[in-house]
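Owing to the predicted nature of the structure, the values given are computational and were not obtained by experimental measurement. Sequence lines set the chain letters: A, B, ... in the order given, protein chains first and strands last, and positions in each chain run from 1.
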Amino acid sequence: MLLRMSSLFLRTLRDDPADAEVPSHKLLVRAGYVRRVAPGIYSWLPLGKIVMENVAAVVRDEMNKMGAQEVLFPALLPREYYEATGRWTEYGDTLFRLKDRKGGDYLLGPTHEELFTDMVKGEYSSYKDFPVTLYQIQTKYRDEARPRAGILRGREFVMKDSYSFDLDDDGLKRSYEQHREAYIKTFDRLGIRYKICFATSGAMGGSASEEFLAPTPTGEDTFVACHSCGYAANAEAYTTTPPASVTGEHPALEVLDTPGTPTIESLVACMNSDHGMAITGADTLKNVVVKVTTPGSTKSEILVIGVPGDREVDFKRLEASLAPGEPAIFEEADFAKNPGLVRGYIGPQVLKDLGIRYLVDPRVVSGTSWVTGANEPGKHARNVVAGRDFTPDGTVEAAEVRPGDPCPRCGSEVSLDRGIEIGHIFQLGRKYADAAKLDALGPDGKPIRITMGSYGVGVSRAVAVIAEQWHDELGLVWPREISPADVHIVGTGKENQVEKALEIAAALEARGVRVLVDDRPSVSPGVKFKDSELLGVPTVLVVGRGLSQGLAELRDRASGEKQEIPIDEAVERIAALVEGPAA
RNA sequence: CGGGGCGUGGCGCAGCUUGGUAGCGCGCUUGCUUUGGGAGCAAGAAGUCGCAGGUUCAAAUCCUGUCGCCCCGACCA
């Protein structure tokens, strides 16, 4: 491959685009890899297209190596497939919907579980056919409420999704492990730093699920990591370690006057000054009311969540815990309709009588004593003992996770970081197989319900993540396998320098090296250097003022190292770099 | 959906308070000079000032409405 900048469809920008915030977005636009067309929708220019293909090629290679077979489904799909699994309605506004000329409902596929399942059902029917794993690299569509961060989170994006079909749980486990290994190899090759995190399976049901999160400051997912045992989990999947249950006598429950204390802060201050206590927010029990709806039903249930007063309820964690139920904030109007719930002074003592379900943080174990609301305006109670004065209906992971919280595996302190999801592996189980009645006929003549796994890699997102993790103040710094070229040859000013650059470029191309050569006439050296730094090709060869002494300059984009080399050795030196020490 | 900001040549922005010739930088075209760090000089091309209505002799500027976009939050791969 040989790209000449004199004719390459490329325009680099000196200024950051006004609408870009994150580094990958700014750089991919400035370096002329992508251009925005509509919110969350981007065009890929020649260099960007090459980079995306390179990422796709790595993903494809690793999928093929693990024995998966590539297929391709349409992006434009009729409603009926998503009707059968209920997702036409469940997916909500995120689904891009459209009508054909006859008024028939169509959608742009956000994922393709239904199609894969249906295809396997159509072709395979014997246990001898299984297991099988299929994948595709497709453009997906999600009408996100708020697309952001350029390529990182678009409404149109390229994704590799694969599905495994197995006869039993052990087979599913094997398929899952194979994908896990393949993903590790894939992301290693892509040069992405990542953390494999336990994840919640959410509304999709199923059991084991892990996310590959690439840590970056601009990430949207929060994950918990333990640096002593290596445990890592999406914040939604973090499990709180409950203290041992407490036995022993507590003084009787006592109701105190605490006027004007609807918040934990004011309550703590009042207790300590007016009632001779020495407590912190952690000694109080905060009770948060939510209403929960289940998809497909219009009724909502009132639910009270009890967490230690020093912690906020993390709505994402609560949602994950309650899935498929969807919690919503209890509003003024709701309180008005439920006079038993006194806003700011709710205590669990009366919930049983009100017939309201009460779930508590795992730290609220039997025998613990709390300061909490007395269900009357201006009054709180102390010595409210779990198991004596109230009995929760269960526990719930809803409280926020904080750095320093205990690791559920080894007890050390965990840290919190942000990351971007680049891969997700997921033991789906039989939800889709059940919906499609996907069976194989067993050796005994009886049908076996197939069990599935689903696995995704964000291909276009990976491009942005690599840019996010591999750049400096000068521009992009691509890992070689992803880079649009192996070497960027800069021929500065003088005509003979450009000629020599082209000559070396041709020789390298003949060796199978992918070359980008800056042969633009009458462009000043400064501009060419800046562009080479912005574009981020890993190796840069400058054919310039040294030419008359038979020298060229070899630069490493990542380290910034420069060295003068005899120009006659340039081809060999570069070929060696590209082919690697082993080859 | 809540909060904040912005719509002016391809890109980045000024002008709006106080109405009167549409301006700057980058990029682009032509010529000459220049050629190791986003060159210089000269001459050019390119804008329904988001849209609609109103006020006015006159609107990018004032008023009303509307559409769109970006950022933060809520929500999602």
Side-chain angles (χ1 to χ4, degrees), chain A residues 11-22 25-26 29-30 32 35-41 90-95 109-112 138 140-161 199 202-204 209 211-214 218-221 234 236 314-316 319-320 323 326-329 419-426 454-462 464-465 474-475 490-498 520-534 540 542-547 551-553 555 562 564:
Chain A
R11 183 112 300 150
T12 56
L13 270 32
R14 193 184 292 232
D15 299 315
D16 283 335
D19 57 357
E21 202 72 14
V22 302
H25 188 192
K26 289 180 183 170
V29 172
R30 271 191 62 205
R35 289 288 182 261
R36 196 191 81 108
V37 170
I41 302 176
E90 260 176 46
Y91 233 99
D93 292 336
T94 308
L95 202 58
T111 68
H112 284 74
Q138 238 295 17
K140 309 282 186 177
Y141 297 86
R142 292 184 198 176
D143 194 358
E144 295 288 345
R146 187 157 98 76
R148 67 185 92 179
I151 301 297
L152 230 31
R153 169 130 171 225
R155 294 195 293 171
E156 180 185 274
F157 56 96
V158 176
M159 177 169 153
K160 186 285 301 180
D161 56 329
M204 293 186 114
S209 167
E211 283 174 1
F212 288 68
L213 293 185
T218 49
E220 319 192 84
D221 291 314
N234 193 300
E236 280 96 297
D314 179 333
F315 228 75
K316 283 186 173 184
E319 261 183 347
E326 288 166 5
I329 289 167
I420 299 164
E421 182 179 352
I422 43 164
H424 196 164
I425 52 176
F426 191 7
S454 107
Y455 318 88
V457 171
V459 173
S460 49
R461 175 179 281 186
V465 166
L474 297 172
V490 174
T492 59
K494 301 279 192 298
E495 242 175 57
N496 63 333
Q497 295 166 351
V498 169
R520 290 175 293 179
S522 31
V523 169
S524 77
V527 172
K528 292 189 175 187
F529 292 149
K530 288 290 180 197
D531 276 347
S532 78
E533 282 143 3
L534 229 200
V540 179
V542 181
V543 181
R545 64 184 171 197
L547 179 60
L551 294 172
E553 186 179 290
R555 298 180 175 187
K562 305 173 182 180
E564 293 281 331

Look for any protein N or O under 3.5 Å of an N or O in nucleotides 33-36 of chain B and output each such pair with its distance, or none.
| unit_1 | atom_1 | unit_2 | atom_2 | d |
| --- | --- | --- | --- | --- |
| B/rG36 | O2' | A/Arg545 | NH1 | 2.6 |
| B/rG36 | N7 | A/Arg545 | N | 3.2 |
| B/rG36 | O6 | A/Arg545 | N | 3.3 |
| B/rG36 | N1 | A/Glu553 | OE1 | 3.4 |
| B/rG36 | N2 | A/Glu553 | OE1 | 2.8 |
| B/rG36 | N2 | A/Glu553 | OE2 | 3.1 |
| B/rG36 | N2 | A/Arg555 | NH2 | 3.1 |

Between the protein and nucleotides 22-29 of chain B, which nitrogen or oxygen pairs are less than 3.5 angstrom apart?
| unit_1 | atom_1 | unit_2 | atom_2 | d |
| --- | --- | --- | --- | --- |
| B/rC26 | O3' | A/Arg14 | NH2 | 3.3 |
| B/rG27 | OP1 | A/Arg14 | NH2 | 3.3 |

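In this structure, the CZ atom of A/Arg35 is 14 Å from the P atom of B/rG10, given to the nearest Å. Atom-to-atom, OH of A/Tyr455 to P of B/rA77 comes out at 18 Å; the value is rounded to the nearest Å. Rounded to whole Å, atom P of B/rA77 lies 16 Å from atom CD1 of A/Ile422. The distance between atom CZ of A/Arg520 and atom P of B/rA39, rounded to the nearest whole Å, is 11 Å. Across the protein-nucleic acid pair, A/Asp143 atom CG and B/rC76 atom C1' stand 11 Å apart, rounded to whole Å. Rounding to whole angstrom units, CG of residue A/Asp314 and P of B/rG73 are separated by 14 Å. Straight-line distance from the CZ atom of A/Arg142 to the C1' atom of B/rC76: 8 Å, rounded to whole Å. The interatomic distance linking A/Asp221 (CG) with B/rA74 (P) rounds to 12 Å, in whole Å.
Under the Watson-Crick or G-U wobble criterion, with both distances below 3.5 Å, B/rC49 has no partner in any strand shown. Across all strands shown, B/rU34 forms no Watson-Crick or G-U wobble pair with both key distances under 3.5 Å. Remark: B/rC6 base-pairs with B/rG68. Criterion, Watson-Crick or G-U wobble with two distances under 3.5 Å. Across all strands shown, B/rC57 forms a Watson-Crick or G-U wobble pair, both distances under 3.5 Å, with B/rG20.
Within the 4.0 angstrom heavy-atom criterion, no nucleotide atom of any strand lies near A/Arg155. As judged by a 4.0 angstrom heavy-atom cut-off over every strand, A/Ala18 is placed among residues touching the sugar-phosphate backbone only. Among the atoms of the strands shown, none is found under 4.0 Å from any heavy atom of A/Gly423. Across all strands shown, A/Glu421 has heavy atoms under 4.0 Å from sugar-phosphate atoms exclusively, and none from any base. A/Lys316 comes within contact range of at least one nucleobase, with a heavy-atom separation under 4.0 Å.
A/His112 has its side chain within reach of A/Lys140: a pair of non-hydrogen atoms, C-beta onward, lies under 4.5 Å apart. Contact check for A/Arg35 versus A/Val29: side-chain heavy atoms found under the 4.5 Å cut-off.
Applying the 3.5 Å distance criterion, the base of B/rG38 shares a donor-acceptor pair with the side chain of A/Asp531. At a cut-off of 3.5 angstrom, the base of B/rG10 holds no donor-acceptor pair with the side chain of A/Arg36.
B/rC16 sits 4 Å from B/rU61 when the C1' atoms are compared, rounded to a whole Å. If you take atom C1' in B/rA14 and the same atom in B/rG25, they sit 10 Å apart, rounded to whole Å. Distance noted for atom P between B/rC28 and B/rA74: 43 Å (whole Å). Taking the C1' atoms as reference points, B/rC62 lies 8 Å from B/rU55, given to the whole Å. B/rU33 and B/rC24: their P atoms are spaced 28 Å apart (whole Å). Between B/rU66 and B/rA59, the two P atoms lie 23 Å apart (nearest whole Å). For the P atoms, the distance linking B/rG73 with B/rG54 amounts to 42 Å, nearest Å. One P atom belongs to B/rC11, the other to B/rG27, and the distance between them is 15 Å to the nearest Å.
Comparing B/rC75, B/rG37, B/rA77 by their nearest atom to the side chain of A/Ala145 picks out B/rC75. Closest to the A/Glu144 side chain, of the nucleotides B/rC71, B/rG38, B/rC76, is B/rC76. Checking B/rC76, B/rC11, B/rG37 against the side-chain heavy atoms of A/Leu13 singles out B/rC11 as nearest. Considering only the side chain of A/Asp19, B/rC70 comes nearest among B/rG38, B/rC75, B/rC70.
When every heavy atom of A/Glu144 is checked against every heavy atom of A/Gly154, the shortest pair comes out as CG-O, 4.1 Å. Contact record, A/Leu13 with A/Leu534: O-CD1, 4.2 Å, taken as the closest heavy-atom pair.
Shown are A/Lys528, A/Gln497, A/Glu553; of these, the side-chain contact (heavy atoms from CB on, under 4.5 Å) with A/Val490 is made only by A/Lys528. Among A/Asp19, A/Ile151, A/Thr218, the single residue meeting the side-chain contact (heavy atoms from CB on, under 4.5 Å) criterion with A/His25 is A/Asp19.
One finds the CD1 atom of A/Ile422 at 8.0 Å from the CG atom of A/Leu213 (value rounded to the nearest 0.5 Å).
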